[in-house]
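Just below is one structure, and these are the notes that go with it.
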Amino acid sequence: MRKPKVLITRPLPEEVVAPYRDRLDIDMYDIDQPIPEEELKAKRGNIDALIPMLSEKLDDDFFRNTSAKIVANLAVGFDNIDVASARKHGVTVTNTPDVLTETTADLTFALLMNTARRISEAQNYIKKDRWKQWSPLQLAGTDIHHKTVGIVGMGRIGEAVARRAVGFSMEVLYHNRSRKTEAEERTGARYVSLEELLQTSDYVVCMTPYTEETHHMFSDEAFRTMKDTAYFINTSRGKTVDEKALQHALENGEISGCGLDVFEEEPISADHPLLGLKNVTATPHVGSSTTETRYRMMQLCLDNVARVTAGESPLTPVT
């Protein structure tokens with residue numbers, strides 16, 4: 001009996017893939033960089049399943065010409081996929097929710113702390129041999145405890161960030177397209193309008209998914225509404241932020257600083273204008289990047305592929 005043919009667009013560890021080889025005919029692109037578009041086009045008509053990364057943009061042209069029954073995105077987000085077109089052509093799309101929730105919340109709060117306490121800046125201060133004396137306000141940051149955090153997007157990860165904030169005795173505000181009363185009960189978070197959140201939060205944390213409605217929701221107006229002592233943290237999607245507006249806000253003291261794990265166009269280079277500002281802390285889209293979590297994400301993708309190609313329901317369909 002023919003095994004379903006699966007294309008994975010990056011090399012994954014063999015210890016993760018090996019347990020599935022008895023059920024699936026797995027072909028991996030063997031270079032750790034985005035698969036060339038021409039190679040993906042050449043193979044799309046001869047596969048039963050695809051496991052892509054966020055770097056692969058799958059549009060209507062892909063779905064009109066693929067034989068794949070399932071696209072199992074190795075991410076919780078799926079804005080790289082034309083889901084409506086996939087549905088039209090009968091292709092199941094899955095993602096990897098839940099397994100990365102706590103890990104991404106860890107990174108989000110770590111980025112908040114690093115930004116507030118200027119940890120990366122302080123490390124470079126020592127590495128550049130600038131630490132010659134102690135002074136009362138040397139590399140002074142700002143407190144985290146007993147401050148107000150405003151979370152925009154109270155999904156699984158947003159709620160996990162709220163739980164961490166409670167441990168720091170923070171007041172937690174949130175804004176979401178719908179109220180989450182159960183999350184309020186679990187975390188003590190208070191639902192407010194976006195305007196009130198921006199006006200009153202010491203830390204504004206963007207956790208919203210990227211959609212047409214959230215494109216550039218953090219604009220000139222949003223940053224002007226924030227307190228000039230506030231910090232902006234984004235570990236969701238880069239295109240929720242107008243980076244030119246953010247740069248202007250940082251350069252003109254409209255906000256105090258920001259921590260970014262995501263950008264409008266990725267990857268960025270060292271000459272990106274935001275990286276030239278000392279009140280910016282940046283990481284290269286590593287929100288879920290721990291070995292344990294990335295392995296679980298890979299396994300979930302393969303489990304979804306194995307189920308769908310066997311005629312079973314997926315574990316985590318994008319609906």
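Note that the structure is predicted; figures quoted are calculated from it, not measured. Atoms considered below: every heavy atom in the structure, side chains included; atoms not considered: hydrogens, waters and symmetry mates.
Salt-bridge annotation for K3 and D48: absent, with no side-chain N of the basic residue lying under 4.0 Å from a carboxylate O of the acidic one. Between R186 and E182 there is a salt bridge, since a side-chain N of the basic residue sits under 4.0 Å from a carboxylate O of the acidic one. Remark: R21 engages E14 in a salt bridge, criterion side-chain N to carboxylate O under 4.0 Å.
Judged purely by distance below 3.5 Å, without hydrogens or angles, the side chains of T235 and T108 pair a donor atom with an acceptor atom.
The closest side-chain heavy-atom distance from L194 to M217 is below 4.5 Å. Counting heavy atoms from C-beta outward, D106 and T290 have side chains that stay 4.5 Å or more apart. At a threshold of 4.5 Å between non-hydrogen side-chain atoms, the residues P209 and T214 do not count as touching. Taking 4.5 Å as the limit, some side-chain heavy atom of F218 sits within range of a side-chain heavy atom of V204.
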List the atom pairs, with distances to 0.1 Å, where a side-chain N or O of residues 277-286 and a protein N or O form a donor-acceptor pair under 3.5 Å, not counting sequence neighbours.
from, atom 1, to, atom 2, distance (Å)
N279, ND2, S256, O, 3.3
T283, OG1, D261, OD1, 2.7
H285, ND1, E266, OE1, 2.7
H285, ND1, E266, OE2, 3.3

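No donor-acceptor pair closer than 3.5 Å links the side chain of K147 to the backbone N or O of D202. Under a 3.5 Å cut-off, the side chain of T66 and the backbone N or O of R44 do form a donor-acceptor pair.
When the options N95, T94, N80 are evaluated for a side-chain hydrogen bond (donor to acceptor under 3.5 Å, both in side chains) with N73, the one that passes is N80.
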